[in-house]
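Working notes for the structure below.
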Amino acid sequence: MKIITATGIPEINERLKKETNFEVIGKDVQYQEGILEILEEKRDIEGVILSNNLIIEMEFNLLISRILEINKDIEIVVFLKEKDDKIEIFLNSNEIYKIYYLDNYEMFFLGLKNKEMSNKDIKKNIEDFKKIIYQERTIDRIEKEPINKEKKKENFYINNIISFSGSYGVGKSITSILFSKYMSKKDKVLLIDCDFINKSINTILGISKHPKNYDKDRILSAITKYHNNFYVLSSLDNFINNYEFIDYSFFISCLEELKNEFDFIIIDTSSDLTSKINNFIYSYSSKIVFLIEPNLSEVKKANTYLEKIIKDYEIQEEKINIIFNKANKYKINERVLNEIYSEKRIIGEIDYSEKYNLIINKNIFKDKDDYEKIFQKVIEGV
C-alpha cells in the first residue's frame, strides 16, 4: 500500500518504512499544501497519515475535504493534537474512523498488529497492550474530600439506581436515554442529569430544564414527564448551593425521596475525573454501566477512569457492567478486548451509527433487538 505521512513527527515516517505492508513515499511532509501537491502529482497513492499539527495554511476540515476531492477512495488516518469532538464528528461523517492522538502514537503501531494474529501473536499483543494502558498515569490522583463516614454507609446502595459512566464523548447521555426509554415500557423511570458542567439530557430530548410548576424548595416539582412512564430531572444542581461543596446528606435524602416515587432511577454522570459527586453516585448505585469506545485511543482513557472508580472511589467491581459503544470495523480485536477485561462483566457492544448524535426518538441502531438484549442483561439480578 503506497502512503505518505504528514504528521510533523518524522519518526512515524521512519517506523512505517520498516512495516512490510506499506510503501512510504518520501519524507514526512511538514506543511498542508505539500500533501495536496504530492497527491495531485502521484495519483497512485492509496493512503495518507496526517495530523492537525502541521503549519496551518487552511482549516483542518477543509484540508480533509480537498484530499477527498483529489481521491475519494484514499484511506486516511488522523493524529490529533488533543481531543476535539467537532473534528472527530466531521471525520466520522466522512467515514474516517482511524483517529489517534499525537501524545500516544504508539497506539497506532500496536493497532497494526491486530489485523492478522495467530494465537501466539494475540497473547503477546495482549501483554504489550496492557503495558501501554497501565504505564505512567497522565492524570494525578485527586485528593479525596473528607467525608463523614456516618453520611456514607459502607457497601450501601439503593437497589433501583443505575448509573452510566465513561470518558467524554463515549455516548453516556444518549445511551442512558435509550436505556430509560427501554425500561419505561414496564416500569416508572426517572432519568437524572448529574453532569452539572456539560448538561445535555434536556437539550437532546428538547424539553425545558424547569417544568411550569417548578419550585426550588420541592425536588419533585422539578421533574418533567417526558413520555408515559419516562420522567426527567435536569436541575438537581439547583438544589445544591455549590456543587464544589456538596451537601452529601441532602443529596442522599433526595435519592431516598425519589426512590419511593419511581421503580428505577437512571443517572447520567459526569466524565470529569475531578467530579466528587460521582463518588457518591457510584456508591449508591446498584449497577454501574461503564461505556467504552473500543478503539486504541480511547481504551487507555477508559482504564484510567475505571481504575479511579475501583481504587480511589473503592467501588465494588461486581457493580460494573461494561458495554463497548460506537463499535465499528476498526475496533480492537474482540479476543484482545475480552482478555483485557476478563475480570469484568462484559455485557456486549453497540454498533456505531452515523445518526448516533442526530436521531433520538427513532431507532438509532440497525437492529433494535440487539441493544435491547444488552439493556436486559444490565438489569438482570437487580
Side-chain angles (χ1 to χ4, degrees), residues 152 156-166 168 170-184 187-211 213-244 246-272 275-291 309 313 315 319-321 360 375 378-379 382:
K152 180 180 177 181
F156 174 79
Y157 61 83
I158 297 176
N159 194 51
N160 61 349
I161 293 183
I162 300 174
S163 57
F164 279 72
S165 178
Y168 182 76
V170 75
K172 293 189 302 298
S173 297
I174 290 177
T175 309
S176 64
I177 288 171
L178 289 171
F179 183 74
S180 299
K181 290 178 69 175
Y182 170 73
M183 295 294 291
S184 67
D187 300 289
K188 188 178 180 182
V189 176
L190 174 65
L191 173 59
I192 304 178
D193 191 344
C194 278
D195 187 350
F196 298 151
I197 298 175
N198 298 303
K199 282 184 166 295
S200 60
I201 296 293
N202 61 307
T203 302
I204 291 172
L205 293 177
I207 60 176
S208 174
K209 182 177 177 181
H210 305 300
N213 62 340
Y214 173 71
D215 181 345
K216 65 179 181 180
D217 295 321
R218 292 175 52 247
I219 192 166
L220 292 178
S221 73
I223 295 172
T224 299
K225 182 176 182 178
Y226 178 68
H227 179 70
N228 293 337
N229 286 328
F230 183 7
Y231 295 77
V232 179
L233 174 58
S234 297
S235 56
L236 180 62
D237 51 324
N238 286 4
F239 294 85
I240 302 172
N241 291 331
N242 187 333
Y243 61 82
E244 292 293 336
I246 297 166
D247 183 341
Y248 292 104
S249 294
F250 177 74
F251 179 70
I252 293 167
S253 68
C254 288
L255 292 181
E256 290 286 352
E257 181 179 0
L258 294 170
K259 76 166 187 175
N260 296 322
E261 296 290 329
F262 297 90
D263 298 312
F264 284 94
I265 296 174
I266 315 302
I267 301 180
D268 181 27
T269 65
S270 169
S271 57
D272 181 4
S275 176
K276 298 181 177 68
I277 195 172
N278 282 354
N279 189 340
F280 264 70
I281 293 172
Y282 299 146
S283 295
Y284 279 80
S285 299
S286 57
K287 299 280 184 181
I288 299 170
V289 178
F290 193 88
L291 300 176
I309 290 176
Y313 290 172
I315 302 300
K319 281 188 180 185
I320 299 172
N321 300 265
I360 300 302
F375 291 161
V378 172
I379 62 173
V382 175

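Because the structure is a prediction, the values reported are computed rather than measured. Nothing fancy with the numbering, it's 1 onward along the sequence. Only this structure's heavy atoms are used, side chains among them; waters, hydrogens and symmetry mates stay out.
Between the CD1 atom of Ile162 and the CD1 atom of Ile379 there is a distance of 7.0 Å, given to the nearest 0.5 Å. The CG atom of Asn278 lies 9.5 Å from the CD1 atom of Ile267; values are rounded to the nearest 0.5 Å. Going from atom OH of Tyr284 over to atom CG of Asn279 covers 10.5 Å, rounded to the nearest 0.5 Å. To the nearest 0.5 angstrom, Ile281 atom CD1 is 4.0 Å from Cys194 atom SG. Atom CD1 of residue Ile288 and atom CD1 of residue Ile161 lie 11.5 Å apart, to the nearest 0.5 angstrom. Rounded to the nearest 0.5 Å, atoms CZ (Phe264) and OG (Ser180) are 11.0 Å apart.
Ring geometry for Phe375 against Tyr182 counts as tilted: the plane angle lies between 30° and 60°, on a 0 to 90° scale. Ring orientation note: the planes of Tyr282 and Tyr313 are tilted relative to one another, at an angle of 30° to 60°.
Asn160 contributes a side-chain N or O that, together with a main-chain N or O of Phe262, makes up a donor-acceptor pair within less than 3.5 Å. Between the Asp193 side chain and the Ile201 main chain, a donor and an acceptor come within less than 3.5 Å of each other. Lys319 places a side-chain N or O within 3.5 Å of a backbone atom of Ser285 that can act as its donor or acceptor partner. With hydrogens and angles disregarded, no donor-acceptor distance shorter than 3.5 Å links the side chain of Asn229 to the backbone of Val189.
Residues Ser208 and Thr224 form no side-chain contact, since every pair of their non-hydrogen atoms from C-beta on lies 4.5 Å or further apart. Using a 4.5 Å heavy-atom threshold, the side chains of Ile219 and Leu233 count as touching. In this structure the side chain of Ser283 reaches within 4.5 angstrom of the side chain of Ile315, judged on heavy atoms.
Among all heavy-atom pairs drawn from Ser271 and Lys172, the shortest one is CB-NZ, 3.5 Å. Nearest approach of Ser221 to Asp215, heavy atoms of both residues: OG-N, 2.7 Å. Nearest heavy-atom pair, Thr269 versus Ser165, reported as atom, atom and distance to 0.1 Å: OG1-CA, 3.7 Å. Ala222 and Ser235 make their closest contact through CB-OG, 3.5 Å (heavy atoms, listed as atom of the first residue, atom of the second, distance). Minimum heavy-atom separation, Ile207 to Tyr226: CG2-CD1, 3.8 Å.
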*Take Val232 and Asn202, measure what side chain to side chain contact (heavy atoms under 4.5 Å, CB included) needs, and give me the verdict at the end.*
CA-CA 8 Å; Val232 179; Asn202 61 307; 5.7 Å; no
_Set out, in order, the CA-CA distance, both residues' side-chain angles and the distance that settles side chain to side chain contact (heavy atoms under 4.5 Å, CB included) for Ile309 and Phe290, then state yes or no._
CA-CA 10 Å; Ile309 290 176; Phe290 193 88; 3.9 Å; yes
_Worked check of side chain to side chain contact (heavy atoms under 4.5 Å, CB included) between Leu190 and Glu261_ = CA-CA 9 Å; Leu190 174 65; Glu261 296 290 329; over 6 Å; no
*asked:* For a side chain to side chain contact (heavy atoms under 4.5 Å, CB included) check, start with the C-alpha distance between Leu255 and Phe280, then their side-chain angles and the critical distance, and finish with the verdict.
replied: CA-CA 11 Å; Leu255 292 181; Phe280 264 70; over 6 Å; no
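Under the rule for a side-chain contact (heavy atoms from CB on, under 4.5 Å), Asn228 has no partner lying at least two apart in sequence or in another chain.
Between the side chains of Asp268 and Ser173, at least one donor N or O lies within less than 3.5 Å of an accepting N or O.
In summary, of the residues considered (Thr175, Asp195, Ile174), a side-chain contact (heavy atoms from CB on, under 4.5 Å) with Phe164 occurs for Thr175 alone.
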